Amino acid sequence: MTAINGYDFARKGALLLAGTILSGVPALAQTVPAGSATPAATPSSSPATGRQAPTTAAPAKGAVGVTPVAAPVSAQTIKTLRVEGSQRIEPETVLSYTKLRVGIPYTAETLDQALKDLQASDLFADYSIAGVEDGNIVLRVRENPIINRVIIEGNKALKTDKITKEIKLAPRQIFTRTAVRQDIARIIELYRRQGRFAAVIDPKMVNLDQNRVDVVFEVSEGPKSKVRQINILGNEVFSDDQIRGQMATKQSRFFRLLSSATSYDQDRLSYDQQKLRQFYLTQGYADFRVTSAVAELTPDKKDFIITYVVEEGKRYKFGDVTVDSQIRDFDNKKLAASLPLKKGDWYNAKLVEDSVDNLSQTAGLFGYAFTEVNPEFAKDADTLTMGINFNIAEAKRTYVERIDINGNTQTQDKVVRREIRLAEGDAFNSFQVKRSQDRINSLGYFQDKMEIKQLPGSAPDRVILETNLEEKSTGELQLSAGYSSLERFIIQANITQRNFRGKGQELRAGVNYSSYSKSIELGFTEPYLFDKNIAVGGDIFRRDYNSFNYIGNDRQTTYSQVSTGFQLRAGVPLTEFWSLSARYGLSYDKVGLNESTYFTNGNCDILKAGRYLCEAIGNRWTSSVGYSLMRDTLNSRLRPTAGSRVSFSQDFAGLGGDVKYIRTRLEGAKYWNAGSGFILSAIGEGGYIKSLESSKRSGVDAVRITDRFYLGEPQFRGFDIRGVGPRVLRIPYTTDATTGKQVLSTDRNTFIDDALGGNAYYLGRIEMEIPLGSGARELGLRPSIYVQAGSLFSITKPNLTLDPALYPRAADGSLLPYAPPILNSAGQMQYQVPVTGTVTTCANGTGTAPNCTGTTANTLVTSTPYGPYSEQFLGNSAKPRLSIGIGVNWNSPFGPLRIDLARALMKQPGDDPKLITFNVGTQF
């Protein structure tokens, strides 16, 4: 045992419980002068305790400073009264705990009660009374020590701060054995909640000077108790596995290694009984009951065996379903017809609850806030039917008396009130209350699941709407570095304040840097201009983007696009769910190619870059105006679980500038709460861009390559970045190892892949978010499974870079690399004279074409040999591509992370599938 402050635990530890019995048994004491004999006493009743006095003069061995003496039988009067032994506590305070006072008579019962009162105060470790024979009463006390420290040792599963928050003992408090026992019980209960029923707490006390002690709780945690087996007795209709599947508690198995549901929990045992009853009641068994539920701890205290004994009873059907409304506005027959339960269906208690909620909501829509709906059951055991009459009690139409907003210290009241769909004095409407909750939650300024409470007002027809808010941080500062399969290494610095100055304004600034993109953006949004429901905002930006293709596994930068500009926007609501927004943008784009890689003699080399990229080079202004029409019924804009969102938008470029087109997009999303934490969503989008200019020449699409749509990672999981849609593949020729003949390569890593984008696309996704346990939810893990389908298409077939007939051929007919001639500034071929090495435009002899002299053949000046390649235009098809996969979102300490494992089931020639993708440090 480790010594604390020089004290030996082995010697001092037992003092914690020592003297518990002696100090708890009051006894009378008489001060005996040194050297005097104690007079013999005859058996008699002790005046203080009422117990038989000892017959010998010597005190019993082990008595703690107490000598029982004979006392007078008749009552005496207290002459003097004093306290000895008190240090911190004033004598008057000690006396105040008893009823002893100078001048009052005392008896054995009086003194016994005084000792009990001192014991009940929990302030003293020892106490006794002397001077009972002559009336000079002395209360001798020894105060409980003061706690110096509370030390917890041996705890690993539970952190010390979690234990100290639960126990009552603390430094500078008075030590009592009662408090120690209570704290031991609290610590054991904490471990039992974790499923550790073998936990043992050994209390120790270390005495210090000045009547101080250190209290040490030595913890032996023991193993975590699991549920080894769940036995079901009495079930006939449903199997054991079906019943176990309804329980929150699960049997310990290897595949549930990370699950917390396999630990035994007494509260969960009670919850499981409720779950069983709910399950049977939803299946028509109205008489079901759990007759017993026993949890037995195995002898080694490692596992529990739980046994349920059930009585299923008979299965019932719904009988007559009626509604009896005392509110005259309602038609009872129409209300009954609108309920989800029908006569002849199997009885389902959940449908009864839903019917009560539906009727309450219906009453709320008509302005009745506190309507009572009571289902009256008529069970017929002979016909096995359950008739139900829903009694709607009489109520008065209610009006909103007051709207209280509490808890908003940062956010201004008006920011919250403008989201509430009711005003003071309006008729109450439950739908508008629910809508107000959704709108406030969608702000993202407050903790989730905020509810507007409905409280009785000053009169029966008045209601108070109370909004209790708990604000959360709305400022975000993100400094992160990450790795993305899309952009390689990423460095981000973003700062956003979504509730700037507490007015609901949004202010943001961001800088992003990666291997293929760089950007800086500033933005501001005012959702309510001049306190009117008009949203305005603006952004300024500078974006540098490098497009790329693949040569083997290496990504090669093709064209660069530098965009600098701004956008102004405004929006107004049309109805509660419909809104209209407009925007204007102006940007200046510079599109170029790396001259050292793709240029020859100062000109873009189509053999190196491709004809379509050379045609995209240039600088241009884009001036566009657009609008969006949106319908939004989502219950949350941040993480929706119900509702839908549809948006139709168009942008017109050509209001000045160099570019003219019309771009149209349609987006939609629908969310369903599938129950038990499962969220189902269906999301779709599509777009089309139409140039308002004519094509420059044959084989050139009127829409520029930088204005087209692209599809692939990360929108279309299962495909690489820009891995779907029209593209040009340059496939090299290779020699077959078996036949020795020249064939096209089948290794995609050797292809040169140039994605061209498309003028039209569509994409749809059905996704199911899967709930996890509380531990995984705290880590921010959100897995999902999904299926996606989409396509990108509709561009003009580009002109090929090189006519295959230009490739020279070997004697065996195989293609040889083509070395393109280098032309002079006048577009003439150049030749080198063999002897002098001079360059001329004459194929033979010297001079300048067409004035050539001599017949000596000259050598054609050519650039680096090219190919041989087979150039193919692929992917320009509206046929759907299909992928399925599973993904996980994780709010990791390094930033948001998304990992996807997706497989492309349907694809078109030229598409580039990808199995695994992950992104760290980017928003998703």
Side-chain angles (χ1 to χ4, degrees), residues 515-519 541-551 554-565 585-624 653-654 656-661 663 689-710 721-722 725-730 752-759 795-803 820-827 863-864 866-867 869 871 873 876:
S515 300
Y516 291 92
S517 66
K518 307 170 187 64
S519 69
F541 57 85
R542 164 66 182 263
R543 303 186 185 110
D544 294 9
Y545 175 77
N546 293 325
S547 184
F548 50 85
N549 63 15
Y550 285 97
I551 301 178
D554 298 327
R555 296 208 300 185
Q556 306 293 322
T557 299
T558 53
Y559 70 85
S560 63
Q561 178 181 355
V562 180
S563 298
T564 305
L586 179 65
S587 64
Y588 181 66
D589 298 323
K590 294 182 179 180
V591 179
L593 292 170
N594 189 323
E595 294 189 5
S596 62
T597 304
Y598 297 106
F599 276 57
T600 301
N601 292 336
N603 296 312
C604 180
D605 191 333
I606 62 172
L607 294 180
K608 296 178 179 180
R611 192 183 304 276
Y612 31 85
L613 291 183
C614 289
E615 292 167 349
I617 294 175
N619 302 335
R620 60 186 65 92
W621 285 94
T622 301
S623 175
S624 65
D658 306 313
V659 181
K660 297 180 181 180
Y661 63 75
R663 179 189 283 120
I689 182 170
K690 170 69 175 175
S691 176
L692 302 180
E693 305 173 80
S694 59
S695 178
K696 296 179 179 179
R697 65 183 67 91
S698 175
V700 178
D701 197 278
V703 178
R704 292 172 175 82
I705 192 171
T706 54
D707 296 325
R708 299 171 191 163
F709 298 109
Y710 291 88
I721 170 68
R722 300 188 172 186
R727 62 208 325 103
V728 171
L729 293 181
R730 300 187 204 179
I752 298 177
D753 186 350
D754 287 321
L756 304 183
N759 296 335
I795 67 167
T796 303
K797 181 178 179 180
N799 295 321
L800 297 181
T801 302
L802 181 65
D803 187 345
I822 298 178
L823 306 180
N824 63 11
S825 58
S863 61
T864 305
Y866 170 86
Y869 291 99
E871 196 171 33
F873 174 62
N876 190 27

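Remember, predicted model here, so these are calculated numbers, not experimental data. Values reported hereafter were calculated over all heavy atoms of this structure, with side chains retained and with hydrogens, waters and symmetry mates removed.
Judged by distance alone, the side chain of Arg727 and the main-chain N or O of Gly725 form a donor-acceptor pair under 3.5 Å. With Asn619 contributing its side chain and Tyr588 its backbone, the two residues share no donor-acceptor pair below 3.5 Å. Distance alone, capped at 3.5 Å, is enough to place a donor-acceptor pair between the Asp658 side chain and the Trp621 backbone.
The heavy-atom pair separating Ala702 from Ser691 by the smallest distance is O-OG, 3.4 Å. The two residues Ile822 and Ser863 make their nearest non-hydrogen contact at CG1-N, 3.7 Å. Nearest approach of Arg620 to Thr706, heavy atoms of both residues: NH1-OG1, 3.8 Å. Listed here is the closest heavy atom pair of Leu756 and Pro798: CD1-CG, 3.9 Å.
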Please walk me through it: do Tyr661 and Val703 pass side-chain contact (heavy atoms from CB on, under 4.5 Å)?
CA-CA 8 Å; Tyr661 63 75; Val703 178; 5.6 Å; no

Determine, stepwise, if the pair Arg730 / Asp754 fulfils side-chain contact (heavy atoms from CB on, under 4.5 Å).
CA-CA 9 Å; Arg730 300 187 204 179; Asp754 287 321; 4.1 Å; yes

side-chain contact (heavy atoms from CB on, under 4.5 Å) evaluation trace for Ile795 with Phe709
CA-CA 11 Å; Ile795 67 167; Phe709 298 109; over 6 Å; no

After noting the C-alpha distance and the side-chain angles of Lys690 and Asn759, does the key distance pass the side-chain contact (heavy atoms from CB on, under 4.5 Å) rule?
CA-CA 7 Å; Lys690 170 69 175 175; Asn759 296 335; over 6 Å; no

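Listed by chain and residue number, nothing satisfies the ring-ring contact (aromatic ring centres under 6.0 Å, His included) test with Phe873 (two or more places apart in sequence, or in another chain).
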